[in-house]
Each structure stands twice: as C-alpha cells, then as structure tokens.
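Throughout, protein chains are lettered first and strands after them, A, B, ... in sequence-line order, and every chain is numbered starting at 1.
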Amino acid sequence: MSAGVELDNVWVRFGEFVAARDVNIEIKGGEFFSFLGPSGCGKTTLLRTVSGFLEPSDGQVRIGGRNMAGIGPNRRPTALIFQNLALFPLMSVWENIAFALEVKGVSKTERRKRADELLELIALSGQGDKQVSELSGGQKQRVAIARALAAEPEVLLLDEPLSALDLKLRQHMRTELRTIQQRVGITFIYITHDQGEALTMSDHVAVMREGIVEQVADGNTIYDRPGTAFVASFVGENNLLPGHVIEVGDSHAVVSTDYGPVRARATAGGLTKGDEAYVFVRPESLKFKDDENSRFDNELDAAIVHEEFEGNLWQVYLALPDERRMTLSMVNDGRALSHPPGTGIKLGFDADLAVALPKGPLAAE
Amino acid sequence: MGVIRYFQQFFNRNGLVLSTLLLGAVSFWIVFLIVLPQVFMLDFSFRFNLPPADLGGPKDVYTLSNYEFLMFGSPNNPEPLNTVDLSVFLRTLLAAVFVTLFDLMLCYPIAFYLAKSAQGGYARLMVLSLIVPFWVNEILRAFAFRILFGSTGIINAFLIWTGLLSEPMDFIQADIALYAGLGYAYILLMIFPLYNAIESLDTNQIEAARDMGAPWWRIHWRVVIPFAKPGITSGCTMVFMLSAGALAAPQILGGPSSLWFTQIIYQWFNTGGNWPRGSAYAIVLLVTCIAFVLLMMRLFKVKLGAIGR
C-alpha cells in the first residue's frame, strides 16, 4: 500500500523564524520524491511535518487523502529514517528490525520470521543475531531501512540517510535505495543537499530555498529548464551573464549584457522588456569557436585562465573582458588541449542551450 | 611489568613533582581514610571489650563473641536468636530498599524531564531549586521535616482543612516522616546519575521508537531504561548504601518504637561503651550491603565498571 502526500499552504514558524513558507506540493503514491536544498532551507522541517513530529503553524498535511492534523507520529502511516539512523544500540539486529512488530504485539516467532525476510531483502541474511555495533556503515544503513519497512508504512521518509557514508558506498546505496523503492512500491520522500542523489533517484524533485519551494519537476527539467535563478545556480554548474531584457519573443528573449546582446530561451510571461535578467549557460553548452565557418547564436570574447584535465573531461577556466569568470567543459576526444594562460579565444553557444531568468537570489558559492 | 611501565609513563607525562603530589594524595586518601579505618574496625570486631589495663595482656585474644552476640544475644537470652537486633537489622535493610525504590520512581521522571524535555533556562532553574535545599545542614533539614510532619504541622493542618482527616495523624509514629526524610536526603544522588545517563541518549532514538508506533511506556521500557541502566544502578547503589547507613534522619524522624540498625551501632560505641561489639555490628552491615548490591547487579546483569560511567 502506498499513499500520496499533499501539502496545502503549509507554513511552519518557530517564533519569528519562518522555516516553511506557504508550501504547496502534491506527491503521488508510489513516487520517489526528493526535497533538495542547502542546509537550513527548511527541508528537514517539512519532513518532520509529514512524519508528525511537527505540526504546521498553518495549512494542512494530508496522507492518502486524510488530514493529519492532531495525529501523532506513532499513529501516522509513515516511517522515518534518521540522518544518524538512530538504531537501538542495546538490541540485536533482528530485534531492531522487528521493533515495530513488537509494538503491534506480534508473537516472537512471527517477529523473528518477518525480520529474517527483511534481512534477506536487504541482503543481510543470517546477520540477525549480531549487535548493531558489529555492522559496517552500509550495513547499518540497510538495517535502518529494513527497520522502517517492517512497520509497513505507506510513506517512507528519509532524512539525508547517506550523508555519513563514503563516496563509493553512497553511489552504491543510491542504486540500492531506488531498487528497494521499486520493489516495495511505497512512496519515498527523500531529503538531501546532494543534487546527484536527488537527480539520480527521484521521479520528482522539489528545490527549496529559505523555506520556499522554488521549483517542483523531474530531474531533467530541473537541470535543463530551471525555473528560477536560484535553481539554475544551485543545481549543477552554471555560467551567469547579468543584463536586462531588450526583446521578448514566444520562446526566447534577448538580454543586453556587458558582452553584447545574448539570445536565450525564456518561458512566455516570465520576462518583460526592461526587466533585469540573468542568462545561464552550462559549461558543457559552451563551445570554442575554432574556425570561422562554425556559427553560433551567441558569441563572446574571452581569455584562457587555465585548463584542467579530468580524464574524461577537460575543464577550461576563462575570463571575460571584465574579469567575470566562466567555465567550459568538453569531452576528451583525444586531442590534446593546451592554450597557454592569457590566450584570447572566441566562445559560442546556442540560444536553445541557454536560459534567461528574472534576476533573483542565487545559491551561495 | 605492566604496572611498572604504567607508572613510568605516568611520571613521564606529569613530571616528578606533580606525579609525586598526585600519587601521594591518592595514596593518603585510600590508605588513611578508607583502608586503615576499616582494617582497625575489622580487627576491633574480633576482640573482647577489655579495660585499658588488660589491652595487650594475656586476655587480649581474638574472639567471635561479638558476632555471636548479634546472632544469639547474651548467654541468658531465653530465645534461640537475638530477635531484637536481627529484626532491626532486617527492617533497616528492607526500609533502605523501600527508600531506594521510592527515590527511583520519584527521580526517574524528574531526570528524564530535565534531560530531554526542559528548555535551557527552565532546566537550570529546576536544577537550582533541587540543589539549594541541600545547602541547609542535614540535621536541620531532618528537624524541618519533623515540624512539617508534626501533629500541629502544616501537613496535618492541610489534611484536616481539606477534611481528609478529622484529627491529626501521627506521621512520626507511622514512620512516614522517616521514609520521607530519608527519601529526600538522597534525592540528588539518584537524580544526577540518572540525568547523566539519560542525557547521553540520542533523542533520535526516542523519536524513532515513537515513529514506529511505540506508546510512551514502551519507549521507556525498551529504549530509555536499558540505556540508563548504569545510571540507575549507580543511583540505587548510593541511595541504598547511604540510607542503610543513615543515622541523623532515623535519630530525629524515627518514631519511639522504630530503631535503625545504625542507632544500635551508635549505642554500642557511645552509651554502651563497647567498641568491639559496635565494630562487629558495623562490619556485618557493611558486608551485607555490599553483598546485596552485588547480588542485585548480577540479577540485573550490570557490570561493576558500568557504575563508574
């Protein structure tokens, strides 16, 4: 059983501080949904509001269509996986997993059987009698998942559960989490500040800033069609060209910048003539204009600052005439790159690969 | 070898002067204040109560007569056992157990509240109001309890005013004043170990248990209490030992018929003028208390080292 989660005009205030500001989100049943944002953006607050540890100051949380106001965390169909996992250190692995069943008054033999099934699901068969302290980080992680699943929740809430793991394990657990989610078929709500996690695992991502939901979309849209300047600067690398709008078309706008007019994609109604705007270009969308024949919608003069070889990629750091920094990345196609620092070069990019957005707050560097 | 290396390292780390000072202070504490008095007591307890002139003379030999007296009474005791002293002994131990359990039940909620629920300033105020009464001398506090529980005291007055009682109740005769006084005397020794233990519990574990549907009592039973077991043991041990060995509170708050075992010991030392017999009684109390505590720890599967945590 999986249930959808709806947040309707949810506000959470702590005294003067507003942790969540008029949040409206609809999460479908069986979906892998992520909240992505820098620390302090209010994503954990929202998770605690869904799990019932916090009541919204205003608005409504519905799970499976049912209003959750006044229903405590022990009576909600949710299970929360804590950032530090919060496994019970004085219980064995199987007792940890079976705790939710113990609460329900299930007999010991039945509990043990169910715990063994779950241990098999997380590929830890036969480890039930171990102490929690004997497990490795990744194993603890999986036990925490099994313990939460034992409660047969309709919604599983995960509060940055991978942040304590090392990089390799983290990448492995991403795939594992996604597989488990597809196998059990319940709704996963995942909190993270790591965009890689959010983009690889989720059906939908909500990007948050200072208690505000900036954009809700699938990973592709978030990356290719950011809805706000914050999303564009927070998710992935981006080059920024500030200016003001001089022309608005159906799908494109022209922004006058210090480096000449730049044509970029723009959503209809988002910008009007005269608005201050930011144009964002991804490093991988920037190209060198090597010969006179190649044509681009936009062209810029820049100078090489330095080049970095990353194996599969070249990262080229550039400076525009007023010292504004840009990054260009290109796939290593076997040609050696070596421009001495200071070399002048012409850059080009297509209007469809750049996006013009209203000026707004940016992600902190 | 290990011991020598340990001391070498200790001296290297702290320097000669500081090391000598520290070792000296600790040795003085252990030898002169703990070991020697107990050894003398032990030695005393196996001797006859002789006038000073006979000390060291031919009559000054070891004997079990003092322990015999506690078991069987004087030779012309018509009963098979020294029922008077033994029943006081048992009653003292039982009462100490009762006081310990009472303190545990009273202090656990307070300690949990302080450790997990109270907010900054509030918690400090509460700790302060727990500590401040202990600035008052123990004997004065016992007398204060006597006044509170007296027949014209505020508690009787209140109960009569509410109509629960029609005439004053003799709390002192019923030993209620004694239990309340003893319980209150050691409340801090229970709260602080409990507080320390509960405070170090990760709050997420409480929330995780709650999230999985556990009602409050199960959270305490399965998560908080197992975690706090070393603190509970340490608090219970101290309260039990100290209330079994208390003298001032029973002296002041005890009813005319209620004798505490320490009072008997006191009588032998003081009015009875029989130090060897007093020593024997004291040794029996000490050994029994230690044995009882160790038995309880074995029963509840707590290691001795856990108390020190």
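In this structure, Ala208(B) and Arg147(A) approach most closely via the heavy-atom pair CB-NH2, 3.6 Å. Here the closest heavy-atom approach between residue Glu102(A) and residue Arg222(B) is recorded as OE2-NE, 2.6 Å. Between Val103(A) and Pro215(B) the shortest heavy-atom distance is CG1-CD, 4.3 Å. When all heavy atoms of Gln205(B) and Pro89(A) are compared, the closest pair comes out as NE2-CD, 3.2 Å. Listed here is the closest heavy atom pair of Val223(B) and Phe88(A): CG2-CE2, 3.8 Å.
Taking a 6.0 Å sphere around CZ of Phe7(B), one finds it holds 12 or fewer heavy atoms contributed by other residues, nucleotides or ligands. Annotation: Phe102(B), atom CZ; neighbour count of heavy atoms from other residues, nucleotides and ligands within 6.0 Å does not exceed 12. Applying the 6.0 Å contact sphere to CZ of Arg66(A) captures no more than 12 heavy atoms from other residues, nucleotides or ligands. At most 12 non-hydrogen atoms from other residues, nucleotides or ligands lie less than 6.0 angstrom from CZ of Phe300(B). Within a 6.0 Å radius of CD in Glu120(A), no more than 12 heavy atoms belonging to other residues, nucleotides or ligands are found. The number of heavy atoms from other shown groups lying within 6.0 Å of CZ (Phe11(B)) is above 12. Residue Lys28(A) places its NZ atom among 12 or fewer non-hydrogen atoms of other residues, nucleotides or ligands, all under 6.0 Å distant.
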Can Met212(B) and Asn74(A) be said to form a side chain to side chain contact (heavy atoms under 4.5 Å, CB included), step by step?
CA-CA 6 Å; Met212(B) 278 179 283; Asn74(A) 48 351; over 6 Å; no
Working for side chain to side chain contact (heavy atoms under 4.5 Å, CB included), residues Phe53(A) and Asp211(B):
CA-CA 9 Å; Phe53(A) 288 109; Asp211(B) 188 53; 4.0 Å; yes
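We find the CG-CD1 distance between Asn204(B) and Ile81(A) to be 12.5 Å, quoted to the nearest 0.5 Å.
When heavy atoms are compared at a cutoff of 4.5 Å, Leu90(A) approaches chain B solely by way of its side chain, counted from C-beta outward.
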